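Please read these numbers as outputs of a predicted model, since none were measured by experiment. One is the number of the first residue; the rest follow in order along the sequence.
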Amino acid sequence: MEKFNNKCHNKHNNKHNDKSNNESKNILKKIEEILKKYIKSIPKPIIGLTLAIIILVFPLLNNKVAIGHDYFFHATNNILNYHHLDIFKLNLTLPKIFGGTIAKGFGYATGIFYPPLSYYLTSYISYFLNLTNENTVLSLSYLEILIIILSAITMYKLVKRISNDNHASMISSVAYISSTYFLCNIYTRNALAESLIFIFLPLIFYGLYELFFGNNRKFLILFTIGYIGLIFSHLVMAVFITIIILIIFMFNIKYILKKDKITKLIISSVLILLITSPYTVPLLEHKIFGNYSVFQDNIMYTNETIKEESTGITDLLLVKYKKDDGIEVYICYTTLIAALLTVIFNKKIFKNKEKYIYKTLILLIVISFLISSKYFPWDIMPSFLKMIQFPWRLCTVIIFATSILAGYMIKLIEPKYKEIIAYTIIIFMIIFGYSVIPQETIYKPYRPENMFMGNQNEYLPKNTQNNLLYYKLRNQNIVLKEGRASIKTTKNETPYLKAEIELSSDLITIELPRLYYLGYQITLKDNEGKMKKIDYYENKYGFIELNLEDSGNIEVDYVGTAASKIANYISIITTIISIVILNKSKKSSKIGSSTLKRYKIK
C-alpha cells in the first residue's frame, strides 16, 4: 500500500513538474516572440547608428580619459564640486565661488563666469556613480559618451522630421558624430562645453522647422530647451548662433513677419532669458559693476590671435591639416562628396517647402565660414564678439549643415539600392571617424595635483592679475591694514570664514583672504550680541577689504547678490509655470483630437 502511495505521489509530482516546465517554456516563447517583434519594429538605420555610436565611444569605454586641452580645467571643476551634492538633504546646487585649493583657497568664481552645464553634469555623474577622489575624473569620460549618444539622437530626430527618411537620418547622424571637429572636441581637447553644443543645435533647428511648417507647441518646447542648453553650455557660441539665425531670418523676411510666428518667437525668447537668468544675471552684474580679467582686452584674445585661429579652405578640405595647437576641422571626404552631390542635384531632391531647408543649410555654411575666416573684419568687431577667441569654433555649425546635406543625398538613390549604399556610406564615415581618434594620448585617470584656473587665470579680478606677486606670496591670514587689533581666525572653509576680532583702536581696516566678487555677505556680532551687516570693497590687490569700528565675531559667506537671488526664484517659477501650461495644452489637444475622431466615426 505504501509503495502504491509513493508511486501515485511521484506521478503527481512528475505531472506537476511537466506542467511547470511547459508553462516556463511558454513564457520563454512569448518573451522570445515579443523580442523578435520589437527588434523587427526597430528601423535598420537605427541599428546602424547604434553600431556607429558603440565604435566611436569604444576608446572611452575602457575608463580612460584623454589628457586634452581642457582636461585639467574640467577635472578641477568636478573634483571641487561633486561633494557638495546630497539629494537626501536637498543640496542640489553647486557653489558660485569654488573653494578647496584653487586660487590658493582665496575663492575663485568659476561658477559666476563659466556656463554651468558641463560641471553640473560631471558632478552629478560623480555623485550618482559614487566616483570619489581621483576616480571623479572618470565622469569626464562618461559625460563624453553621453554627449556622443545624445548628439546622434538629436540629429537623427531632426533629419527624420524634415526628410521623413530613416536612411537620410542615419547618414546625417553618423556624419555628425564621426566628424573630425566633433571628435577633436571629445578626444583631443576635452572641450565639454563646446561638445555639448552638438546636442542642442539640432533641437534649435528642429524647433524652427516646427515654427514654420509644423506644431507651435513643439516649437516652444524644442527651441526653448535647445537654446537654454546652448546658453548653459557655451554663451559665446550662443551669441554667434543667434546672429547667424537672425541673418537667415533676414533672407526669409516675408515668412518671418507674421504675427503668430513673431509672437511665438517672443514668448520663447522671454522664457529662455528668464530660465537662464541665474547664470546670466550674476555674469552681467560682474561685467557692469566689477573689473575682471575675463572682460579685459588682450587677456582672452588679441586681434592677432583671432586671425591666426581663423578658418581657411585648406583647414576644411585637406586631410591631416592641423593647426599649431593640434585642432583638426577638415571634413570627411565621404561626407563632403555626399553633400556636394546633394548641392549639384538639389532640384531633384528638394521640393516645395524643402527648398527653404536647402536654402537655410547653404546659408548656414556660407555665413559660418565667412565669420570664421580671416576675411571677416575682426579688427572693427566689438570686444564681446572677440570673446569667441577661436573663430574655428563656428565649424560646429558648418559640420551641422554639411552632415544634413550629406544625408539628403540618399534621396537620389533608387529604393532597391538605398540600404546597401546607405550602409556603405556610414562604414566609410565610421572608419574615417575612428581613424582620427588620437588613442595614443589616452592615459589612466588621476587627480590633478594643481587645481587649474584657466589658461589666463581669467576669472581673477584685474587688480589681482596686475599684482600676481602679492597674490602668490599672500597667506590665509586676515591682514590688518590700518589701526590696532588682535585677530584670530576660528574657521576657514572657502568661501566661509569666521574670526574673532578685538579692537585696540577706534577704527581698523582689514583685508580678508578672499578675492573680491559681488555677493559676499559679511556680518559682525559685537560683544553685546548685536548683529549688523558690514559693507566691503575691492582693494588695489583685488582682495576684499572692509572697515570695522566694533569688536566681535565676524562671519563671511557667499550668498549671491539680491539680483541673483531674484533671478533664481524667477527661473524656478517660470520653469514650473511653463511645464504646467504645456501639460494642460497637451491634455486639451488630446481631448480635442479624440472628440473629433468620435464625431467623424458617428
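With no hydrogens or angles considered, a side-chain donor-acceptor pair links Glu144 and Asn190 at under 3.5 Å. At a cut-off of 3.5 Å, with distance as the only test, a side-chain donor of Asn291 or Gln296 sits close to an acceptor on the other residue. Counting only N and O atoms by type, the side chains of Asn216 and Glu210 include no donor and acceptor under 3.5 Å apart. With 3.5 Å as the limit, one finds no donor-acceptor pair spanning the side chains of Gln521 and Tyr536. There is a side-chain donor-acceptor pair under 3.5 Å between Asn78 and Ser139. At a cut-off of 3.5 Å, with distance as the only test, a side-chain donor of Thr561 or Glu285 sits close to an acceptor on the other residue. Ser277 and Ser571 form no side-chain donor-acceptor contact under 3.5 Å, judged by distance and modelled atom types alone. Between the side chains of Ser123 and Ser126, no donor-acceptor pair is found at a separation under 3.5 Å. In the model, Ser293 has a side-chain atom that pairs as donor or acceptor with a side-chain atom of Gln465 under 3.5 Å. Side chains of Tyr537 and Glu545: a donor on one and an acceptor on the other come within 3.5 Å.
Proximity of a side-chain donor or acceptor of Arg484 to a complementary backbone N or O of Leu503 within less than 3.5 Å is not detected. Remark: the backbone N or O of Asn77 is paired with a side-chain donor or acceptor of Asn81 at under 3.5 angstrom. Not a single donor-acceptor pair under 3.5 Å links the side chain of Tyr516 to the backbone N or O of Gly290. Formation of a donor-acceptor pair under 3.5 Å by the Ser578 side chain with backbone atoms of Thr574 is found in this model. Distance alone, capped at 3.5 Å, is enough to place a donor-acceptor pair between the Gln389 side chain and the Met300 backbone. Under a 3.5 Å cut-off, the side chain of Ser505 and the backbone N or O of Leu507 do form a donor-acceptor pair. Within the 3.5 Å criterion, the main-chain N or O of Ile388 finds a donor-acceptor partner in the side chain of Arg393. Formation of a donor-acceptor pair under 3.5 Å by the Thr76 side chain with backbone atoms of Phe72 is found in this model. Checking side-chain atoms of Thr224 against main-chain N and O of Ile221 turns up no donor-acceptor pair under 3.5 Å.
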Next on the checklist: Could you go through Leu92 and Asp86, starting from their C-alpha distance and side-chain angles, then the distance that decides it, and tell me whether this counts as side-chain contact (heavy atoms from CB on, under 4.5 Å)?
Outcome noted: CA-CA 7 Å; Leu92 307 177; Asp86 193 327; over 6 Å; no
Checklist entry - Going through the distances and angles, do Tyr541 and Tyr470 end up as a ring pair (Phe, Tyr, Trp, His ring centres under 6.0 Å)? => result CA-CA 7 Å; Tyr541 300 113; Tyr470 180 87; 3.7 Å; yes
Item to check | Test ring pair (Phe, Tyr, Trp, His ring centres under 6.0 Å) applied to Phe198 and Phe182, step by step | outcome: CA-CA 8 Å; Phe198 282 80; Phe182 177 68; 4.7 Å; yes
Item to check | Criterion side-chain contact (heavy atoms from CB on, under 4.5 Å) on Leu546 and Glu511, from CA distance to verdict | outcome: CA-CA 7 Å; Leu546 53 96; Glu511 178 189 287; over 6 Å; no
Checklist entry - ring pair (Phe, Tyr, Trp, His ring centres under 6.0 Å) between Phe200 and Phe232: does it pass, once the steps are laid out? => result CA-CA 10 Å; Phe200 299 109; Phe232 280 152; 9.5 Å; no
Next on the checklist: I'd like to know whether Thr490 forms a side-chain contact (heavy atoms from CB on, under 4.5 Å) with Asn553, so could you lay out the CA-CA distance, the side-chain angles of the two residues, the decisive distance to 0.1 Å, and finally the verdict.
Outcome noted: CA-CA 9 Å; Thr490 56; Asn553 291 321; over 6 Å; no
Item to check | Thr494 vs Asn492, side-chain contact (heavy atoms from CB on, under 4.5 Å): CA-CA, chis, key distance, verdict | outcome: CA-CA 6 Å; Thr494 312; Asn492 188 1; 4.2 Å; yes
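Taking the charged nitrogens against the carboxylate oxygens, Lys532 and Asp526 have no contact shorter than 4.0 Å, which rules out a salt bridge. Residues Lys386 and Asp297 are not paired through a salt bridge, judged by the lack of any N-O separation under 4.0 Å between the basic side chain and the carboxylate. Contact check on Arg189 versus Glu194 returns a salt bridge, with a Lys/Arg side-chain nitrogen under 4.0 Å from an Asp/Glu carboxylate oxygen.
Inter-residue side-chain proximity for Leu94 and Pro116 is flagged as unmet; no heavy-atom pair is nearer than 4.5 Å. Between Val479 and Ile510, the closest side-chain pair of non-hydrogen atoms is not below 4.5 Å. Side-chain contact between Asn91 and Leu85: absent, with no pair of heavy atoms (C-beta onward) separated by less than 4.5 Å.
Looking at every heavy atom in both residues, Thr101 comes nearest to Leu80 through N-CD2, 4.4 Å. Between Pro278 and Ala567, the shortest heavy-atom contact is CG-O, 3.8 Å. Minimum interatomic distance between Ile148 and Ile177 (heavy atoms only, all atoms of both residues): O-CG2, 3.8 Å. Asn215 and Lys218 make their closest contact through OD1-N, 3.0 Å (heavy atoms, listed as atom of the first residue, atom of the second, distance). Heavy-atom minimum distance, Ala238 versus Ile231: CB-CG1, 4.0 Å. Considering every non-hydrogen atom in both Tyr459 and Tyr292, the closest pair reads O-CD2, 4.2 Å.
Among Tyr119, Phe452, Tyr108, the single residue meeting the ring pair (Phe, Tyr, Trp, His ring centres under 6.0 Å) criterion with Phe98 is Tyr119. Exactly one of Phe205, Tyr181, Tyr206 qualifies for a ring pair (Phe, Tyr, Trp, His ring centres under 6.0 Å) with Phe400. That residue is Phe205. Results of the side-chain contact (heavy atoms from CB on, under 4.5 Å) test with Ile228 over Thr575, Leu203, Thr276, Leu271 single out Thr276 as the only residue that passes.
Between Leu524 atom CG and Ile501 atom CD1 the span is 7.5 Å, to the nearest 0.5 Å. In this structure, the separation between CD on Glu309 and CH2 on Trp378 is 12.0 Å, given to the nearest 0.5 Å. Atoms CD1 and OG, from Ile508 and Ser551 in turn, are 7.5 Å apart once rounded to the nearest 0.5 Å.
Counting non-hydrogen atoms of neighbouring residues, nucleotides and ligands closer than 6.0 angstrom, the CD atom of Gln476 exceeds 12 such neighbours. Residue-environment remark: NZ (Lys261) exceeds the threshold of 12 foreign heavy atoms within 6.0 Å. Residue Lys565 places its NZ atom among more than 12 non-hydrogen atoms of other residues, nucleotides or ligands, all under 6.0 Å distant. Open room surrounds CG on Asp506; 12 or fewer heavy atoms of other groups in view lie less than 6.0 Å from it. Atom NZ of Lys481 has more than 12 neighbouring heavy atoms from other residues, nucleotides or ligands inside a 6.0 Å radius.
Annotation: cation-pi geometry satisfied between Arg474 and Phe543 (NZ/CZ under 6.0 angstrom from ring centroid, within 45° of ring axis).
Side-chain rings of Phe113 and His286 approach one another, their centers coming within less than 6.0 Å. If you look at Tyr520 and Tyr558, their ring centroids are closer than 6.0 Å.
Between Tyr124 and Tyr120, the ring-plane angle classifies as parallel under the 30° and 60° cut-offs. Taking the six-membered ring where tryptophan is involved, the planes of Phe390 and Trp392 are essentially parallel, since the angle between them stays under 30° and well short of 60°.
For Phe223, the ring-ring contact (aromatic ring centres under 6.0 Å, His included) test picks out Phe219, Tyr227, with sequence neighbours left out.
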